[in-house]
Trainee: 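This structure is in structure tokens; I'll ask about it shortly.
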Amino acid sequence: MTKEGLLARTGGRELKRVVYSADAIATRVREMAGEITGHYRPGDSVLILGLLKGSFIFLSDLVRHIDWPLHLDFIVASSYGAGTTSSGDVKLLYDPTAPIEGRHIILVEDIVDSGNTINRLARALESRSPASIELCALLHKHIADDLVLEPRWVGFDAPQEFLVGYGLDHAEDFRHLPFVASI
Ligand code: IMP
Ligand code: MG
């Protein structure tokens, strides 16, 4: 992408640097899908729950490389508003309608930051008696020290900067960028 092309997409806002290129992400996402495929067995009822909105691109790339039958649903939780730090108050705006009991749940997150979102959701899902719950995160900032659920699959150990693109937003901007950048 040319500099002009990029600035047209961001409305003229400069990004600090590209942290993960589209190619690097594509390679890593395929590897992760392979690791996930290797973790399950024939007959496992796998339900992938994507955390919206941030995981929407990651999720759609990931599931196309998982070699098992699976079902998909979404969770919408919100903790940030328009700021860049977690408010700690996680609201559940959409709860999956798919049955959870006895199924192997894979929660797909864009990024684990404070861990507030995951801690809240993992507890809520545990209470519905799944066969297992695993967390798959594209990015992990390694800030949280009290995670109820450590991600089994992590795309990249992210720098402690505010990241956008490939689904991640700042106040809803930048989600559509094909790479991850810092602002
Ligand atoms: P946590 O609850 O603090 O772990 O944050 C989880 C959610 O906050 C993620 O799913 C993202 O939507 C958002 N978030 C955390 N860090 C970033 C960032 O660096 N860029 C964009 N969104 C972020
Ligand atoms: Mg967000």
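Indexing begins at 1, ligand by ligand and atom by atom, following the structure's order. Starting from 1, each residue takes its place in the sequence as its number.
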Trainee: Should the proximity of Leu51 to ligand 1, defined as any heavy atom under 4.0 Å, be assigned to the side chain, the backbone, both, or neither?
Mentor: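 Looking at Leu51 and ligand 1, no heavy atom falls under 4.0 Å.
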Trainee: Check each heavy atom of His170 against ligand 1 and say whether those closer than 4.0 Å belong to the side chain, the backbone, both or neither.
Mentor: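 Near ligand 1, His170 shows nothing, with every heavy atom at 4.0 Å or more.
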Trainee: What pairs of donor and acceptor atoms, side-chain ones from residues 143-153 against any protein atom, are under 3.5 angstrom apart with sequence neighbours left out?
Mentor:
residue	atom	partner	partner atom	Å
Arg152	NE	Glu134	OE1	3.0
Arg152	NE	Glu134	OE2	3.1
Arg152	NH2	Glu134	OE2	3.3

Trainee: Minimum heavy-atom separation for Val154 and Met32, please, with both atom names.
Mentor: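 Closest approach of Val154 to Met32: C-CE, 3.5 Å.
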Trainee: Take every heavy atom of Ile111, measure it against each atom of ligand 1, and state whether any distance is under 4.0 Å.
Mentor: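 A heavy atom of Ile111 does come that close to ligand 1.
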Trainee: Determine whether the side chain, the backbone, both or neither of Thr117 has a heavy atom under 4.0 Å from any heavy atom of ligand 1.
Mentor: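 For Thr117, the contact with ligand 1 is made by both the backbone and the side chain.
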Trainee: Which of the listed options, Gly115, Gly54, Ser182, Gly165, holds the heavy atom that is closest to atom 4 (O) of ligand 1?
Mentor: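 That would be Gly115.
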Trainee: Judging by distance only, is a nitrogen or oxygen of Val112 under 3.5 angstrom from one on ligand 1?
Mentor: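 No: no nitrogen or oxygen of Val112 is under 3.5 Å from one in ligand 1.
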Trainee: Please list, one pair per line, the donor and acceptor atoms closer than 3.5 Å that link side chains of residues 15-23 to other protein atoms, with sequence neighbours excluded.
Mentor:
residue	atom	partner	partner atom	Å
Arg17	NH2	Glu161	OE2	2.5
Tyr20	OH	Asp157	O	3.3
Ser21	OG	Ala24	N	3.0

Trainee: May I ask you to say whether Glu14 pairs ionically with Lys3, meaning some side-chain N is under 4.0 Å from a carboxylate O?
Mentor: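 The answer is yes: the pair qualifies as a salt bridge.
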Trainee: Ion pair present between Arg123 and Glu126, side-chain N to carboxylate O less than 4.0 angstrom?
Mentor: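 Salt bridge flag = no for Glu126 with Arg123.
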Trainee: Would you say Asp169 touches ligand 1, if touching means a heavy atom closer than 4.0 Å?
Mentor: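 Flag set, Asp169 near ligand 1.
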Trainee: For ligand 1, is any non-hydrogen atom under 4.0 Å from Asp113's backbone (N, CA, C, O), its side chain (CB onward), both, or neither?
Mentor: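 Both backbone and side chain.
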Trainee: State, yes or no, whether a side-chain contact exists between Cys136 and Leu62 at a heavy-atom distance under 4.5 Å.
Mentor: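 Yes, side chains in contact.
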Trainee: Has Glu161 got any heavy atom lying under 4.0 angstrom from an atom of ligand 1?
Mentor: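 Yes, Glu161 has heavy atoms under 4.0 Å from ligand 1.
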Trainee: Taking only heavy atoms of Glu109, which atoms of ligand 1 are found under 4.0 Å from at least one of them?
Mentor: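 Going through ligand 1 atom by atom, the ones under 4.0 Å from Glu109 are 6 (C), 9 (C), 10 (O).
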Trainee: Assess, by modelled atom type and distance only, whether the side chains of Asp73 and Tyr94 contain a donor and an acceptor separated by less than 3.5 Å.
Mentor: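 There is such a pair between these side chains.
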Trainee: Parallel, tilted or perpendicular: which one describes the rings of Phe58 and Tyr166, with boundaries at 30° and 60°?
Mentor: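 The rings of Phe58 and Tyr166 sit tilted, inter-plane angle from 30° to 60°.
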Trainee: Give the atom numbers and elements of ligand 1 that come within less than 4.0 Å of a heavy atom of Lys141.
Mentor: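 Listed by number with element, the hits are 16 (N), 17 (C), 18 (C), 19 (O).
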